[in-house]
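When a ligand or atom number is given, it counts from 1 through the structure's own listing order.
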Amino acid sequence: MSESPTIVWLRQDLRLADHPALAAAAARGGAVVPVYIWDEAGEGDWPLGGASRWWLHHSLAALDDALQGKGSRLVLRAGRAIEVLRALMAETGATAVYWSRRYEPGSIKRDREVKAALREDGAEVRSFNSALLHEPHTIRNKQGGPFKVFTPFWRHCLAREKEAVTPDLPATLRSPQTWPTCDDLSAWKLLPRRDWADGFSERWRPGENGAHEALAAFADEVINQYSDQRNFPGIRGTSRLSPYLHFGEISPRQIWAAVAALGAERGVFPASKGAQVFLAEVGWREFAYHLLFHFDHTPTHPLRDEFAAFPWRADEDGTLLRAWQNGRTGYPIVDAGMRELWATGWMHNRVRMVVASFLVKHLRLPWQRGAEWFWDTLVDADLASNTLGWQWSAGCGADAAPYFRVFAPVLQGGKFDGDGDYVRRWVPELASLPNKHLHAPWEAPEQVLTAAGVALGRNYPHPIVDHKEARDAALAAYQELRQGG
Ligand code: FAD
């Protein structure tokens with residue numbers, strides 16, 4: 001047992017339960033000094049986007065509350081991680097620093113440097129897995145390389161033993177003799193100056209309690225219908241756990257254990273087809289981390305190198321990109337998705353696939369522009385999952401949708417939002433159109449449009465591209481790429 005304090009450097013592990021680093025620090029014996037460091041430069045090329053900052057602000061406040069419940073607190077400091085950690089060690093007499101591992105290329109580099117520097121100072125440095133069921137460096141295919149196809153990857157993961165959930169923390173965490181100074185959270189200005197995030201608080205409750213409420217609501221009602229309902233954006237058919245998972249307010253181990261408990265109640269694991277499909281989606285998140293770790297150039301470069309020469313369309317004045325970002329493409333399902341994203345910081349997975357396909361195929365704009373916009377506007381913006389999602393949609397990633405499969409927005413709308421609830425909610429100017437014309441208002445007779453109060457080109461745009469022409473142009477561009485330009 002050590003008497004000296006342990007610093008726990010918190011990052012994307014903003015919870016108290018199933019927290020191996022905090023548990024190990026408490027077990028070490030001395031005081032525990034939990035710290036969050038606002039180190040923008042340390043995030044490398046991907047500093048937090050606007051929506052993620054909103055989430056982080058509220059999540060840090062929630063974590064501080066939870067720590068106060070254990071007689072502790074969250075120390076906030078801005079600056080370069082190594083400098084802050086050294087200063088805190090000097091101020092508190094701490095001799096150890098613990099953290100949960102991260103897997104983004106910039107974080108890995110930074111963490112390695114911090115670890116080496118602290119060890120040189122004589123500190124005990126330990127890192128833990130708190131974000132994944134299986135860390136990327138522990139998984140290899142039969143040839144000893146990384147997996148590039150999901151199904152064998154997930155089969156391999158399913159066959160491996162799962163780590164148990166970490167035992168709970170003691171009722172109180174020991175405090176240092178004096179608490180180091182702490183920044184004022186509001187001084188970090190994480191919340192937007194304008195009120196664009198107002199709608200976020202209606203939808204979300206950042207923090208560990210919010211995560212468990214979301215999981216409980218999902219496990220009680222939705223999980224068993226998940227395989228049938230998860231593709232319909234107009235109903236609440238998915239867990240909405242993604243931002244909580246990203247910020248580590250809940251862990252995949254806890255989710256796995258909760259699903260296993262449901263199975264135990266019914267004497268089968270998983271309890272239902274829905275539960276099985278849901279776990280496989282959590283598996284896609286694991287796959288995303290596996291790919292990012294092994295192919296660390298992919299946030300900006302296609303995994304399939306030949307796609308680097310794709311003949312994208314020039315959009316010099318940014319008109320097309322802006323129409324897509326603002327939900328004004330004239331395709332209702334695309335516009336509904338982009339407006340849901342802006343209003344709530346989240347978009348349904350089916351619609352993410354539709355809007356991504358629209359950007360890279362109908363508009364022929366580079367997937368990187370879409371990934372950047374999502375990075376700034378999603379509350380669940382996650383370098384691993386966002387990279388996978390965009391490269392999948394653009395046909396240039398691992399196990400991706402083939403480029404020639406172009407999602408037809410009108411058909412997608414009709415199939416997955418047949419009763420129009422989703423489009424009516426997010427594109428209210430079309431709300432009075434009958435279902436038959438809702439997903440293709442430009443095909444509606446003039447009197448139908450007039451009766452519904454829709455004036456194309458005035459209160460709702462004409463389609464910015466023609467579907468058939470855009471599809472043909474996308475396929476021609478793909479052909480050009482295959483023939484080497
Ligand atoms: P559920 O359906 O309830 O799934 C449970 C969990 O599994 C999710 O919370 C998520 O952590 C994980 N998951 C589900 N689907 C995927 C997937 N396809 N890839 C990776 N993990 C998955 N997800 C992010 O978390 N952050 C992103 O930045 C992100 N960007 C995306 C960009 C594009 C273009 C696309 C097509 C998908 C992206 N996704 C991203 C994946 C997916 O859309 C979201 O994880 C999902 O919509 C979150 O909703 P949910 O929590 O209700 O998911």
For this session: Run the contact test for A288 against ligand 1 with a 4.0 Å cut-off on heavy atoms, strictly below, and give the result.
Result: no
Q.
Any carboxylate oxygen within less than 4.0 angstrom of a Lys/Arg side-chain nitrogen, looking at K189 and E40?
A. no
closest protein heavy atom to atom 32 (C) of ligand 1 is N386 OD1, 3.4 Å
Closest to atom 17 (C) of ligand 1 among protein heavy atoms sits W284 CB, 3.9 Å
With heavy-atom distances below 4.5 Å as the criterion, would you say the side chains of F358 and V465 are in contact? yes
| task | Determine, for E113 against R80, whether the closest basic-nitrogen to carboxylate-oxygen distance falls under 4.0 angstrom. | result | no
Within 4.0 Å of some non-hydrogen atom of V282, the atoms of ligand 1 are 7 (O)
For L241, the ligand 1 atoms with a heavy-atom partner under 4.0 Å come out as 9 (O), 51 (O)
The protein heavy atom nearest to atom 20 (C) of ligand 1 is S385 OG, 3.5 Å
Counting only nitrogen or oxygen atoms and a 3.5 angstrom limit, does A356 reach ligand 1?
no
Near L245 (heavy-atom distance under 4.0 Å), the atoms of ligand 1 are 9 (O), 11 (O)
To the nearest 0.5 Å, atom OG of S227 lies from atom CD of Q276 at 9.0 Å
Check your understanding: How about W367 and F374: are their ring centres within less than 6.0 Å of each other?
Key -> no
Checking heavy atoms under 4.0 Å, the part of W346 that sits near ligand 1 is side chain
- [ ] Please confirm whether S242 comes within less than 3.5 Å of ligand 1 when only nitrogen or oxygen atoms on both sides are compared.
- [x] yes
Below 3.5 Å, N or O to N or O, backbone or side chain included: is there any such pair between S239 and ligand 1? yes
So for W375 against ligand 1, with non-hydrogen atoms under 4.0 Å, the contacting part is neither
(request) Run the ring-centre check on W284 versus F150 and record whether the distance is less than 6.0 Å. (result) yes
Backbone or side-chain N or O of W390 under 3.5 Å from ligand 1 N or O: no
Note: ligand 1 atoms sitting under 4.0 Å from heavy atoms of A381 are 28 (O)
### Query
With no hydrogens and no angle check, is any side-chain donor or acceptor of K162 less than 3.5 Å from a backbone partner on C157?
yes
Cationic N near anionic O, under 4.0 Å, R352 to D380: yes
of all protein heavy atoms, closest to atom 47 (O) of ligand 1 is N349 CB, 3.4 Å
Q: Let me see the working for V334 and V354 under side chain to side chain contact (heavy atoms under 4.5 Å, CB included), right down to the final yes or no.
A: CA-CA 7 Å; V334 174; V354 172; 4.2 Å; yes
Item to complete: Kindly say whether the aromatic ring centers of F310 and Y403 come within a distance under 6.0 Å.
Response: yes
Short version for F218: what comes under 4.0 Å of ligand 1, heavy atoms counted, is neither
Check your understanding: Would you say M353 touches ligand 1, if touching means a heavy atom closer than 4.0 Å?
Key -> yes
request  = Return yes when R240 approaches ligand 1 closer than 4.0 angstrom through a heavy atom, no otherwise.
outcome  = yes
In this structure, atom 29 (C) of ligand 1 is nearest to the protein heavy atom R352 NH1, 3.3 Å
Is the distance between the ring centroids of Y460 and W442 under 6.0 Å? no
So for Y226, does at least one of its heavy atoms come nearer than 4.0 angstrom to any atom of ligand 1?
yes
Would F278 count as a contact of ligand 1 if the rule is a heavy atom under 4.0 Å away? yes
Can we say R11 and E43 salt-bridge, meaning some charged N sits less than 4.0 Å from an Asp/Glu carboxylate O? no
Quick one: does W38's side chain get under 4.5 Å of L76's, heavy atoms only?
no
* Asked: Do any nitrogen or oxygen atoms of T238 come within less than 3.5 Å of a nitrogen or oxygen of ligand 1?
  -> yes
